[in-house]
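One structure is given below, encoded as structure tokens.
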2 protein chains.
Amino acid sequence: MLGTMSDELAASLLSQMMSISGQISGRMREGLDRLGLTEPTANLLWLLRPDVDPLPLRKLAALLHCDPSNITLLSAQLEQRGLAERRPHPRDGRVRTLVLTPAGQDVRQRLIDAVARHSPLAGLTLDEQHQLDRLLTKAIDAL
Amino acid sequence: MLGTMSDELAASLLSQMMSISGQISGRMREGLDRLGLTEPTANLLWLLRPDVDPLPLRKLAALLHCDPSNITLLSAQLEQRGLAERRPHPRDGRVRTLVLTPAGQDVRQRLIDAVARHSPLAGLTLDEQHQLDRLLTKAIDAL
DNA sequence: TCGAATACTTGACTTTCTCAAGGAAAAGAT
DNA sequence: ATCTTTTCCTTGAGAAAGTCAAGTATTCGA
């Protein structure tokens with residue numbers, strides 16, 4: 001049946017995605033000690049893009065699929081290390097946003113570089129990487 | 001510079017992979033309560049392929065990047081729910097392998113189906129899914 | 001202005017995970 | 001064959017991360 005075939009393909013893709021992302025976070029772990037981070041804090045750091053408007057803590061909790069109180073804990077850790085700051089939202093006094101400090105931007109970039117260099121995706125040719133980029137972009141935009 | 005361009009591409013791919021796998025595990029969480037599982041046990045269940053020789057606990061720990069004692073805990077939970085069994089390795093008395101019961105195979109398949117249906121990758125055409133499959137396969141094989 | 005909703009924090013608690021130590025089986029050396 | 005070494009799993013103690021319920025402050029809407 002057609003349904004079965006595409007189900008198998010979907011399951012195979014799923015398994016591959018999980019395997020690769022597992023490899024990536026495994027690779028990430030190796031560098032964390034050196035940067036003085038744990039995996040949960042690194043996952044939060046990952047979301048703090050310097051080129052985008054800072055996100056409210058609540059939004060970060062949604063992106064990480066966890067309770068807001070957990071973000072309170074993790075961002076306090078980043079703050080204590082001088083990597084990020086909680087700033088009040090300019091328009092809404094209830095909201096706090098999390099912003100990287102220069103030191104935080106540096107650590108984040110070093111983390112990304114270290115992982116990207118050893119990622120399984122680095123084994124693909126440049127052309128293949130562009131194909132992959134196109135496919136993933138479409139998948140994400142479809143959300 | 002050329003190096004910069006490919007670094008940016010690699011970082012972009014990385015970010016996309018993390019985003020999609022985040023979506024996937026988010027989707028997974030939604031079904032877990034209904035199946036009586038937690039996320040860590042589901043991640044273990046994921047690795048227990050019925051069509052492949054059962055893996056030693058140590059191997060499972062390596063795949064999940066965690067301590068073997070943690071696998072002891074998680075597999076005990078699966079065992080208690082009747083989803084898996086720890087069996088002595090036929091040739092090596094030190095080793096224990098983890099094998100799904102029929103009930104465990106059923107739960108695992110339902111988990112995979114539920115996630116695959118709502119995965120971001122399901123939005124791609126069948127042709128695109130094949131392209132993606134080819135690229136990911138190559139990336140994984142390069143390990 | 002007053003009630004309802006939203007955002008973050010705090011505290012108590014559970015679950016997950018790691019580390020150090022220990023026992024059992026296999027492998028290697030003598 | 002015996003003894004040492006290594007490998008694998010388990011146990012127990014403890015740290016870290018996560019959830020939940022309650023509390024405070026701010027904003028929104030009637």
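- Formation of a donor-acceptor pair under 3.5 Å by the A:Arg86 side chain with backbone atoms of A:Glu79 is not found in this model.
- Between the side chain of A:Ser69 and the base of D:dC20, at least one donor-acceptor pair of N or O atoms lies under 3.5 Å.
- If you measure from atom CG of B:Leu73 to atom C1' of D:dC9, you get 14 Å, rounded to the nearest angstrom.
- In this structure, B:Arg96 places its CZ atom 13 Å from C1' of C:dG23, rounding to the nearest Å.
- Between B:Arg91 and C:dA27 there is no side-chain polar atom (N or O) within less than 4.0 angstrom of OP1 or OP2.
- Atom CG of B:Asn43 is separated from atom P of C:dT15 by 18 Å (rounded to the nearest Å).
- Under 4.0 Å is where a charged nitrogen must lie from a carboxylate oxygen, and between A:Arg110 and A:Asp106 at least one such pair does.
- When rounded to the nearest whole Å, the span between CG of B:Leu57 and P of D:dT11 equals 12 Å.
- No continuous path of ILVMFWY side-chain contacts below 4.5 Å connects A:Leu73 to A:Leu45, so the two sit in separate hydrophobic clusters.
- Taking 4.5 Å as the limit, some side-chain heavy atom of B:Thr125 sits within range of a side-chain heavy atom of A:Lys138.
- When distances are taken from the side chain of B:Pro68 to each of D:dG18, D:dT10, C:dT9, the shortest belongs to D:dT10.
- Of the candidates C:dT9, C:dT6, C:dT18, C:dT6 carries the atom nearest the A:Arg94 side chain, counting heavy atoms from C-beta on.
- Taking side-chain N and O atoms only, B:Arg58 has a distance below 4.0 Å to OP1 or OP2 of D:dC9.
- One interatomic measurement links the two molecules: CG of B:Asn70 to P of D:dC9, which rounds to 14 Å at whole-angstrom precision.
- Heavy atoms of A:His65 sit under 4.0 angstrom from primed sugar atoms or phosphate atoms, though from no base atom.
- When distances run from any side-chain atom of B:Asp67 to the nucleotides C:dC19, D:dT19, D:dC8, the shortest one goes to C:dC19.
- Considering only side-chain N and O atoms, A:Thr38 lies under 4.0 angstrom from the phosphate OP1 or OP2 of D:dA17.
- Nucleotide D:dT19 holds its P atom 10 Å from the CG atom of A:Leu64, rounded to whole Å.
- Separating the NZ atom of A:Lys59 from the P atom of C:dC8 is a distance of 12 Å, rounded to the nearest angstrom.
- Within 4.0 Å of A:Gln77, counting heavy atoms only, lie sugar-phosphate atoms of the nucleic acid but no base atom.
- The side chain of A:Thr72 contributes an N or O atom lying less than 4.0 Å from OP1 or OP2 of C:dT9.
- Which of C:dT18, D:dC9, C:dC8 sits closest to the side chain of B:Cys66 comes down to C:dT18.
- Taking the side chain as every heavy atom from C-beta outward, A:Ser12 and B:Asp133 approach each other to under 4.5 Å.
- Contact annotation: B:Arg29 reaches the phosphate of D:dT19 (side-chain N/O to OP1 or OP2, under 4.0 Å).
- Atom-to-atom distance recorded for B:Leu13:CG and A:Ile24:CD1 is 9.0 Å, nearest 0.5 angstrom.
- Within 4.0 Å (heavy atoms only), A:Arg87 reaches no atom of the nucleic acid at all.
- Between B:Leu60 atom CG and D:dT10 atom P there is a gap of 11 Å when expressed in whole angstrom units.
- For A:Leu74, the side-chain atoms get nearest to D:dG18 when compared with the rest of D:dC8, D:dG18, C:dC8.
- Nucleic acid contact for B:Asp92: sugar-phosphate only, since backbone atoms but no base atoms lie under 4.0 Å from a heavy atom of the residue.
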